[in-house]
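I have placed the structure first, in the form of structure tokens, so that the comments after it can refer back to it.
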2 protein chains.
Amino acid sequence: MTRWSIGELAKASGLTVRTLHHYDEIGLVVASERTPSGHRRYTPDDVRLLYQVRSLRQLGLSLEEVRSALSRSDSLRPLFEAQLASLTAQAQQLEALRSRLTALLDGHTTEFLLSTLEMMAVHESYFTADQLGDLRSRAAAMGPEAVEALKASWLELVRQLRQHMADDVPPSDPRVAEVVRRWDELGARFTGGDPAIQAAARRSWEENKAAIGKQVGWPADDGLVEYVARARAAR
Amino acid sequence: MTRWSIGELAKASGLTVRTLHHYDEIGLVVASERTPSGHRRYTPDDVRLLYQVRSLRQLGLSLEEVRSALSRSDSLRPLFEAQLASLTAQAQQLEALRSRLTALLDGHTTEFLLSTLEMMAVHESYFTADQLGDLRSRAAAMGPEAVEALKASWLELVRQLRQHMADDVPPSDPRVAEVVRRWDELGARFTGGDPAIQAAARRSWEENKAAIGKQVGWPADDGLVEYVARARAAR
DNA sequence: CTTGAACCTCACGCCACGGGAGGTCCTACG
DNA sequence: CGTAGGACCTCCCGTGGCGTGAGGTTCAAG
């Protein structure tokens, strides 16, 4: 049996008959022969070509790329190297995604997954890629529990501030000053002291405090920012 | 500014205007308001939703999956876990591809890349996934140079066999028996002695010896298989 | 000689948008 | 006040890599 029907070839190659039809249509892998009635007969050379195509496809090339790779076989090596680089980048991206997702699943209950994701997305738009890398590596160095602890302390400090504000404690009160000082300290640990990152974080916070508040259950904006500003001014 | 135009939102989110139009068309993220003239106005809630969608998309979900994930938010966790598993599998696949490609680029000159790829593809169809995993891990344990050395020895043995055959040495000759013995030994090292893998390798070899020969420059089938069979029988 | 499986050729459908045509709307400048 | 040009609108066709029929022919086994 030196000729193959389309069905046999499909089974052997793990592709579908439709796919082989498609390759034939676009002239990528054409059956060299036909039976008198029009059935495709694939020769060993056709089969070889098909396997080459399948291999290149598995390396992530488009059909057009496969076609040109096969037509000018001298250019294969740079193409492979480019493809290797692209694959590496893809793998790294996937790995980053994977670790973020793992962290999410570890640290959060279901009902917070969405809002956390959303806040991550919102905040990301305020930072450059470099800055985000910084933040992430710092977070990784601290470990997830430390990050969670930091978040919790931060929320607690905000809660205390809101309490003081509700109790009509004047912003100049030393207790308020102390909370603000610890707040800034936490912020510095988060931002690594980088003024650009601090500025970005502040912008993000100010423009999204309503959304953050919604997420953790605060009432709408009620002057917290002004209260803190007055506290700073009084210092 | 509590409402956003489509252009502002596109810039902020890193998506295109066309994409936002698309999400609107399919009812995934619809601008809650319009100006009297029909321009879209996105409310903060719309923006939140969009960021959720963007996040889930970045995790590799299809738009339909995103839609259903957002409609029944209690099922998020299993979905995330499934997605995590899928991402992990993808990353592993990519990594495997990457290492294969690296090995190819290291070990072969350009003109053999294609035929090597092709032979890999052909042979793979003869083995189950488990068996391939076995083969790969054995190859990895041996290291690439050892694998290349093994291949070279194997080709050399075949060359000797062909030589004997060309010299009309009878298959019962002890020299032939010795070559066949060493051939089987090599094969055992390759297959790990697993009879199922040996059978698959034999099938692959017999059905593809013509193609293999073409690749390494042998003439067409000339009775090598029968010669070896007679040598085995005489043993 | 008859099934039923395998094959053939159209030809439309899918996803997630890209991109252009042709028109309306908004804003800033002269 | 007019106008230029940018942002926006809807409509609609195109893309890649096939999937999935519909409706008809051919092949291999019984």
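Values below: all heavy atoms of this structure, side chains included; hydrogens, waters and symmetry mates excluded. Chain A is the first sequence line, chain B the second, and so forth, proteins listed ahead of strands; every chain is numbered from 1. Remember, it's a predicted structure, so these values are computed and weren't measured experimentally.
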Start with the C-alpha distance between A:Val29 and A:Leu20, add both sets of side-chain angles, then the distance that settles side-chain contact (heavy atoms from CB on, under 4.5 Å), and finish with yes or no.
-> CA-CA 8 Å; A:Val29 180; A:Leu20 297 183; over 6 Å; no
Where along nucleotides 4-9 of chain C does protein come under 4.0 Å, by heavy atom, of base (B) or sugar-phosphate alone (S), with - for untouched nucleotides?
-> ---SSB
A:Thr43 OG1 to A:Leu49 CG distance, which is reported to the nearest 0.5 Å = 9.0 Å
Under the side-chain contact (heavy atoms from CB on, under 4.5 Å) criterion, do A:Leu70 and A:Leu56 qualify, and how do the steps go?
-> CA-CA 9 Å; A:Leu70 291 176; A:Leu56 293 176; 3.9 Å; yes
Hits for salt bridge (charged side-chain N to carboxylate O under 4.0 Å, His left out) against B:Arg67, two or more places apart or cross-chain, chain-then-number order -> B:Glu64
Using the 3.5 Å cut-off, write out each protein N or O paired with an N or O of nucleotides 17-19 of chain C and the distance between them.
unit_1: C:dC17; atom_1: OP2; unit_2: B:Tyr23; atom_2: OH; d: 3.1
unit_1: C:dC17; atom_1: OP2; unit_2: B:Arg57; atom_2: NH1; d: 2.7
unit_1: C:dG18; atom_1: OP2; unit_2: B:Thr16; atom_2: OG1; d: 2.8
unit_1: C:dG18; atom_1: N7; unit_2: B:Arg18; atom_2: NE; d: 3.3
unit_1: C:dG18; atom_1: O6; unit_2: B:Arg18; atom_2: NH2; d: 3.3
unit_1: C:dG19; atom_1: O6; unit_2: B:Arg18; atom_2: NE; d: 2.9

Decide yes or no for [X] and [Y]: does some side-chain heavy atom of the first lie under 4.5 Å from some side-chain heavy atom of the second?
X       : Y       : result
A:Leu63 : A:His22 : yes
A:Ile6  : A:His21 : yes
A:Tyr42 : A:Leu50 : no

Not counting sequence neighbours, which residues clear side chain to side chain donor-acceptor pair (under 3.5 Å) with B:His39? List them please.
-> none
Under the side chain to side chain donor-acceptor pair (under 3.5 Å) test, which residues partner A:Arg57, sequence neighbours left out?
-> none
Going 5' to 3' on DNA chain D, which nucleotide is the first and which the last to come under 4.0 Å of a heavy atom in chain A?
-> D:dG17 to D:dC27
So, are B:Arg41 and B:Glu8 salt-bridged, with charged N and O less than 4.0 Å apart?
-> no
